[in-house]
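Structure, as C-alpha cells:
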Amino acid sequence: MDISTLNSAQREAVTAPLEHILLLAGAGSGKTKCLTHRIAWLLKTEQTYPHNILAVTFTNKAANEMRSRIDALLKKPAKGLWAGTFHSIAHRLLRIHWKDANLPQAFQILDSQDQLRILKQVVKSLNIDKETLSPKRAQHFINACKDEALRAKDIVIEVEEKFLKAKMLEIYSAYEETCQRTGVVDFAELLLRSYELLRDHPPLLEYYQQRFRHIHVDEFQDTNTIQYKNLQLLAGKQGKMFVVFDDDQSIYAWRGAKLENIQQIQQDFSETRLMRLEQNYRSTGIILEAANALIANNKGRLGKKLWTQDKAGEPVNLYTAYSEIDEAQFVAEKIQAWQGKRVEIAILYRTTAQSRQFEEALLLKGMPYRIYGGQRFYERLEIKNMLAYLRLLVHRDDDSAFERVINTPKRGIGNRTVDILRSLARQQGNSMWQAACAVLETKQLKARAANSLTTFLNLIEQLTAQLKDLPLHEKVEQIKIVTGFIAHYKKESKQEAEKRLENLEELVTAARQFEQLNKNKSNLLTAFLDHAALEAGERQSSQFDDCVQLMTLHAAKGLEFKVVFICGLEEGLFPHQNSLDESKLEEERRLCYVGITRARQYLYLCHSKSRYRYGMRDRCIPSRFIQEVPLELIQDVRLKSAMAPSL
DNA sequence: TAAGCCGAACTTTTT
DNA sequence: GTTCGGCTTA
C-alpha cells in the first residue's frame, strides 16, 4: 500500500487507528484521496474484506469516481464493497427486502415531477382550494417531514397555524395512502423506508451491522436527519465511522441538511477523533486568499484557514457587463483566446436559466460545450412517456404511469373517463388498472369510452406477452413503434418533432448500452427503470471530448478547473432573491466559496449592469460577494469588442 | 372528446 | 418571455 504520495496530515488520517474519525477537510485538500486511500489501507492492513465496507456519497458522479479510484488503488475491482449515494443504497436494501419493507416486488420510484402530479390530484380530491394550499407547498411539507423521519401520524398539530397544518397533514396521509396503494416510492421515502426497515427488523439490522464494520461518508456536512439516522442504525455499536466534511461547503440546508450532525455524531459515538486537512493543493495563493476573505464573513464557523505552498498567481479578474448578452459574449471571447484545453474551463452560475445566454454565445463562435444539470435526459416528456409504458409492463398498479399514457398518444379516452377510474380506484382501494378491468365488467361507461379503454388494456397485455423474452433494447424499440409515438410526435412542429424522435432513438441506444454493462443482472427491465429514476442521466451526450463545462454552482462541488468563470454576481440573483435574509445568506456565501475554490489558476468574476427577468430589463447592483473579496486581489478587465453598446 | 385560446405564475439549488 | 392549466367551443 503506497502512502508516499500523501502529506503528513493525510497520512495520519489514512493510517489512523480504528476509532471514529471526523476529518475536517478544506476545499482542494485531497479529501477524496484520503477517503479512497483509507479504504484501500483498511483492506490491505486491517484484515478487512471489501464486504465489510460501506461508502456513501451524495451524487452519482462522486460515487462512480470513488469506486474507480478504489479499484485503481487495489488494481482490481473491490467486489462486495457497497459504494453509492444514500438514495441508491437505501433503494438497494428495499429491492432486496421488499417484503419486509411492505412493498410490492415491482415497486417503482417516483421522481419529483410525478410526485407533484400525484399531489395535484390528491389536493383536488380533498376539495382543498389550491389558492390556500398549493400542491407545491404540500410537496415541500411532505418531503421536509420525511427528511425528519416523520410520518403523518407522528405529527402533532400545534395551536398556531392549526388550520393550514391540519390540511397539510390531511394531504400527507392521503398521499401516503395513494403511494402505498399503487406501489410507488418517492426519493425521500426511499430513505425513510429503509430506516424503518432496519429499525423494525432486528435480525436484518444485525446482519448489516455485522457486515458493515467500516462506514465512510463523504460530504458529511450535507447529511439530513433521515440520512443520519440510517447511518446511526447501520453503524450500531461496532461499526467504525470515517466521516469527511467541510462546514464551509455546506450548501444543501434548503433540502434539510443539518450541519449540527457534526456535533451530533460526536455526542452519539464515543471516542471520536477530529482531524484536519488545511493544506490546499489546488489553487493559487491569491485565489485562496480571496476565498478565505469571503468566507470569513460568515459567523459560527468551525474555523479553518486554507494555505498553499504555491505562488500567488494571477489576480482575480472582474468584468462588469452591460447586459447578460454582453456578459456571455465576454466569457465566450475569453474562452476563444484560451490556448489550453477547453475541458479545463468552467462557466458557473446560480440558476439553470442562466445557461442559455452562454450556450448561444458559444454556439455563435463554434465552441463545443457541455451542460451539466438542467433538464435531464430521463426527465424529458417523450422519454417519460416511453418509460411509463415500460413501467406498466412490470407493474400494472403504477397509477402515475397509467395516467401518463392512458391517452398518450390520443386514443379517445378523455378526462371524464379518467376521473371515473380514479375515484373508483380510490373507493375500492386498488389501482386504476384494476378499476379499469372492473368497470368494463359493468356497464358504467358509454360504448365509445369502453371501446377505447378495452383497446388500451389489450395493448398493454399484448405488449407484455409479445415483449416478454425480447432483449431490453428491442422492448424499447417495439414500444416506440407499436404505441404510435413516432406518428404522434411527427405531428408537432418540425424542429420539435425531430428532437423528440432523436431522443426516442437515443433511449433505444441507452437501453442497449445498459444491457451490455449489466449482462449478468437478472431483472434487466426493472434495473433499467431504477437507473432512469435514480440517475436521471446527463442532459446531453457530448459529441466532442474537449468541451467547455457549463453548470450551476451546486453541480460544481467536488470538481476543479484551471479556469473558472463565476457569472451573474448580482444582488437578487447571487445571492438569490429568496435567500437575502441572514440565515440563508450564509449558505449563499458558502456557495460562492465553493465556486471560487473550484479554480486552480484563473478566476473571473462577472456581473452585469442589467438583466432580463420576467420579460423585463432590470437594473442590477453588483453582488456583495464581490466587495467581500479584498480589492488588492482584483483587477478590472475590459474587452474592446464589448464596449458600450447603446443600452 | 379534442383543440385552441387566454390568463396566471413563474426561476433556486438535487436525489 | 415562456409554460402550464383551465375554460370554451366545435
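All chains are named by letter (A, B, ...) in the order of the sequence lines, taking the proteins before the strands, and each is independently numbered beginning at 1.
A distance of about 15 Å separates the P atoms of B/dT13 and C/dC4, rounded to the whole Å.
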Subject >> Footprint string (nucleotides 5-10 of chain C, 5' to 3'): B base within contact, S backbone only, - free, heavy atoms under 4.0 Å >> reply: SS----

Original post:
What string of B, S and - do you get for nucleotides 6-15 of chain B, 5' to 3', when a contact is any protein heavy atom under 4.0 Å?
Top reply: ----BBBBBB

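Legend: residues meeting side-chain contact (heavy atoms from CB on, under 4.5 Å) with A/Ala510, ordered by chain and number and at least two apart, are A/Tyr378. Applying the ring pair (Phe, Tyr, Trp, His ring centres under 6.0 Å) rule to A/His216 yields the partners A/Phe242; only residues at least two apart in sequence or on another chain are considered. For A/Ala533, the side-chain contact (heavy atoms from CB on, under 4.5 Å) criterion is met by A/Ile109, not counting sequence neighbours. For the side-chain contact (heavy atoms from CB on, under 4.5 Å) test, residues two or more places apart in sequence or in another chain that qualify with A/Lys120 are A/Leu116, A/Pro135.
Closest of all the heavy-atom pairs between A/Ile251 and A/His554 is O-NE2, 3.4 Å.
In this structure, A/Tyr322 and A/Glu327 have side chains that are not in contact, with every pair of non-hydrogen atoms separated by 4.5 Å or more. Counting heavy atoms from C-beta on, the side chains of A/Glu628 and A/Arg589 come closer than 4.5 Å.
Using a 4.0 Å heavy-atom distance criterion, A/Asp111 is classed as making no nucleic acid contact.
Atom CZ in A/Arg416 sits about 14 Å away from atom P in B/dA2, given to the nearest Å. Atom CG of A/Leu453 is separated from atom P of B/dT1 by 11 Å (rounded to the nearest Å).
Between A/Phe402 and A/Phe456, the distance separating the two ring centers is shorter than 6.0 angstrom.
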